[in-house]
Amino acid sequence: MLSTSLARWMAGRNLHYGWVVAATTFLTMLATAGAMGSAGVMIQPLHQEFGWDIADISTAMAVRLVLFGLLGPFAAAFMNHFGIRQVVSTALALIMSGIVASFFMTEVWQLLLLWGVVIGVGTGMTALVLGATVASRWFSKRRGLVVGLMTASNATGQLVFLPALAALTEAYGWRMALTLTVAVIALAMVLVLLLMRDHPADVGLPAYGETAVVKPPKQDHKLLATLASPLITLKSVSGNPVFWVLFGTFFVCGLSTNGLIQTHWISICGDFGMAAVTAAGTLAVIGIFDFFGTIFAGWLSDRYDNRFLLFWFYGLRGLSLIYLSFSGFSFVELSVFAVFYGLDWVATVPPTVKLAAENFGREKAGLVFGWVFAGHQLGAATAAFGAGYFRSDFNTYMPALQIAGVMCMLAAVSVLLLNRPGSVKLAPQAG
């Protein structure tokens, strides 16, 4: 097998194959993030072509975000049961089929089915839980940095694809733009099938930073047990207030990022007379700053108190959103917003992953973070629908920006309720 041969070749040169797995995961999450982000360029073209109401289109996108989040804990269980490569390749095939089928849709219920359900399920199986699982299995050292890289790929991919997709949509239509997304996802699938392995032991290696090869834990091969394991984990941690603080703050994270800005940004800027390609270019700038900001956040999370990192990340994000809502969307004002908001787009993820692992243990970390990420996407769905509601009924997005900003400020304060890991926690850990 190519992966085994490559792992041996790299080991002979003092290189760890975990970095190949991380790079493959990075590119996979980048590709699927492009599919998530492409929804942002579809709202106005679908409204113009079919006459569908923006609130109806936003509802389909909200369903996609809900499933994207709720599948997280089950994705972790499926990866434990079936293996990362099999789950990810199946999810990529599902995403491609949903996008291609949407080329032929004519009714809004078909948008709900394809972009809400099919693509929602597919992207949910390759969400941030994938990056957290790979980082936990393959890396003992540099885990925070790896999580930062994975998070950056997921968030940045949703933004950097947008200028090209917007340009293609403007020149050739939204179907041609989505063809590019399908091609990138197909390339990612090839890399997953060739290079992805489930555990370091599969290629005869210890995790990066360790010396002993550890055999993968035996899994119960009953599908019912696999499906029940996320629910059992949820029950075991639901009595711990630490879980609910992480869940609630991540709800706000989703509400203030991909649910609001990623989904509605082009429409928000359009209200100020900005062309779609220009608005998408601004999102790409946010994505560039996000890439470096999230990686830096991962580096910081390995070294500093993650509670205070989250306090500053949420607080600064909230201030930037409130500032934007009172700005005139001039070039200078958008540039200031792009820098501060971009650096903080999903910088909250590495500290949240670290706090989940520190409070609930390495074995539960993937499933616990899956449920925390579900909170993120519930928040995103709330903003995707709510912002569309404000735009349809009040003809403005500004209240949605202001509400998201205030929620971020509340999240910044609430995270300080967490005690330092290793000290007495808010409540004894259940389970």
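Every value quoted in this text rests on a predicted model; they were computed, and no experiment measured them.
- When all heavy atoms of A297 and A347 are compared, the closest pair comes out as CB-O, 3.4 Å.
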Exercise for the section: List the steps and the verdict of side-chain contact (heavy atoms from CB on, under 4.5 Å) for L94 and T90. Expected result: CA-CA 6 Å; L94 196 60; T90 300; 5.7 Å; no
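- The aromatic rings of F139 and H16 sit tilted, their planes meeting at an angle between 30° and 60°.
- The side-chain contact (heavy atoms from CB on, under 4.5 Å) with V192 is formed by just one residue from the set V87, V88, T126, L27; it is V88.
- Side-chain contact between S102 and L178 is present, with heavy atoms from C-beta onward closer than 4.5 Å.
- A distance of 12.0 Å separates SG of C408 from CD1 of I403, quoted to the nearest 0.5 Å.
- A distance-only check finds no donor-acceptor pair linking the side chain of E49 to the backbone of P45 [under 3.5 Å].
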Exercise for the section: Report the C-alpha distance between L401 and H264 in whole Å, list the side-chain angles of each, state the deciding distance to 0.1 Å, and finish with yes or no for side-chain contact (heavy atoms from CB on, under 4.5 Å). Expected result: CA-CA 11 Å; L401 293 173; H264 291 281; over 6 Å; no
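- In this structure, T32 and M125 have side chains that are not in contact, with every pair of non-hydrogen atoms separated by 4.5 Å or more.
- Environment of CZ in F385: sparse, with no more than 12 heavy atoms of neighbouring residues, nucleotides or ligands closer than 6.0 Å.
- Scanning all heavy atoms of the two residues, the minimum distance from M96 to V182 falls at SD-O, 3.8 Å.
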Handout entry: Steps toward side-chain contact (heavy atoms from CB on, under 4.5 Å) verdict (L321, S256)
Key = CA-CA 8 Å; L321 287 168; S256 57; 3.8 Å; yes
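- Residues A177 and L165 share a closest heavy-atom pair of O-CD2, 3.1 Å.
- Counting only heavy atoms from C-beta outward, the side chains of T382 and F251 approach each other to under 4.5 Å.
- The number of heavy-atom neighbours closer than 6.0 Å to OH of Y323, taken from other residues, nucleotides and ligands shown, is above 12.
- The aromatic rings of F78 and F82 sit tilted relative to each other, their planes meeting at an angle between 30° and 60°.
- Side chain of H47 to main chain of W52: a donor-acceptor pair is present (N/O by atom type, distance under 3.5 Å, no hydrogens or angles).
- Taken to the nearest 0.5 Å, the CG atom of L114 stands 7.0 Å off from the CD atom of Q110.
- Taking OG1 of T24 as the reference point, atom CG of L194 lies at 9.0 Å (rounded to 0.5 Å).
- Summarising the geometry, atom CG belonging to L416 is positioned 9.5 Å from atom CG belonging to L310; distances are rounded to the nearest 0.5 Å.
- Checked by atom type and distance alone, the side chain of Y314 pairs as donor or acceptor with a backbone atom of T249 at under 3.5 Å.
- Considering only heavy atoms from C-beta on, T28 stays 4.5 Å or farther from L191 through its side chain.
- Between W138 and Y17, the angle of the ring planes lies from 30° to 60°, which puts this pair in the tilted group.
- A donor-acceptor pair under 3.5 Å is formed between the side chain of N359 and the backbone N or O of L355.
- Nearest heavy-atom pair, L46 versus M105, reported as atom, atom and distance to 0.1 Å: CD2-CE, 3.9 Å.
- Judged by distance alone, with hydrogens and angles left aside, the side-chain atoms of N306 form no donor-acceptor pair with the main-chain N or O of T352 at under 3.5 Å.
- By the 4.5 Å heavy-atom criterion applied to side chains, W19 and V146 are counted as neighbours.
- Across all non-hydrogen atoms, the minimal contact from S89 to L193 is CB-CD2, 3.9 Å.
- The CE atom of M79 sits 4.5 Å away from atom CG of L130, with the distance rounded to the nearest 0.5 Å.
- A 4.5 Å side-chain heavy-atom check between V349 and F369 finds at least one atom pair inside the cut-off.
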Practice task
Kindly determine whether W265 and Y341 satisfy ring-ring contact (aromatic ring centres under 6.0 Å, His included), including the steps that lead there.
Solution key: CA-CA 13 Å; W265 180 253; Y341 182 82; 7.9 Å; no
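- Around the CZ atom of F103, the shell of radius 6.0 Å holds more than 12 heavy atoms that belong to other residues, nucleotides or ligands.
- Summarising the geometry of P350 relative to S301, their closest heavy-atom pair is CB-OG, 3.9 Å, with the distance given to 0.1 Å.
- Taking the charged nitrogens against the carboxylate oxygens, D302 and K354 do have a contact shorter than 4.0 Å, which makes a salt bridge.
- Looking at W244 and S238, their side chains come closer than 4.5 Å, going by heavy atoms from C-beta outward.
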Practice task
Go through D271 and T396 one step at a time and tell me if the side-chain contact (heavy atoms from CB on, under 4.5 Å) criterion holds.
Solution key: CA-CA 8 Å; D271 288 346; T396 178; 6.0 Å; no
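- Side-chain contact between D344 and F289 is absent, with no heavy-atom pair separated by less than 4.5 Å.
- Going from atom CG of L319 over to atom CZ of F340 covers 10.0 Å, rounded to the nearest 0.5 Å.
- For F272, the CZ atom sits in a packed shell: over 12 heavy atoms of surrounding residues, nucleotides or ligands are nearer than 6.0 Å.
- For the pair R197 (side chain) and V21 (backbone), a donor-acceptor distance under 3.5 Å is absent.
- Atom CZ of F247 has more than 12 neighbouring heavy atoms from other residues, nucleotides or ligands inside a 6.0 Å radius.
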Problem - Test log, rule ring-ring contact (aromatic ring centres under 6.0 Å, His included), inputs F373 and H376 - result: CA-CA 5 Å; F373 182 68; H376 183 281; 5.4 Å; yes
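- For F50, the CZ atom is densely surrounded, since the number of other residues' heavy atoms within 6.0 Å is greater than 12.
- Between F390 and F394, the ring-plane angle classifies as tilted under the 30° and 60° cut-offs.
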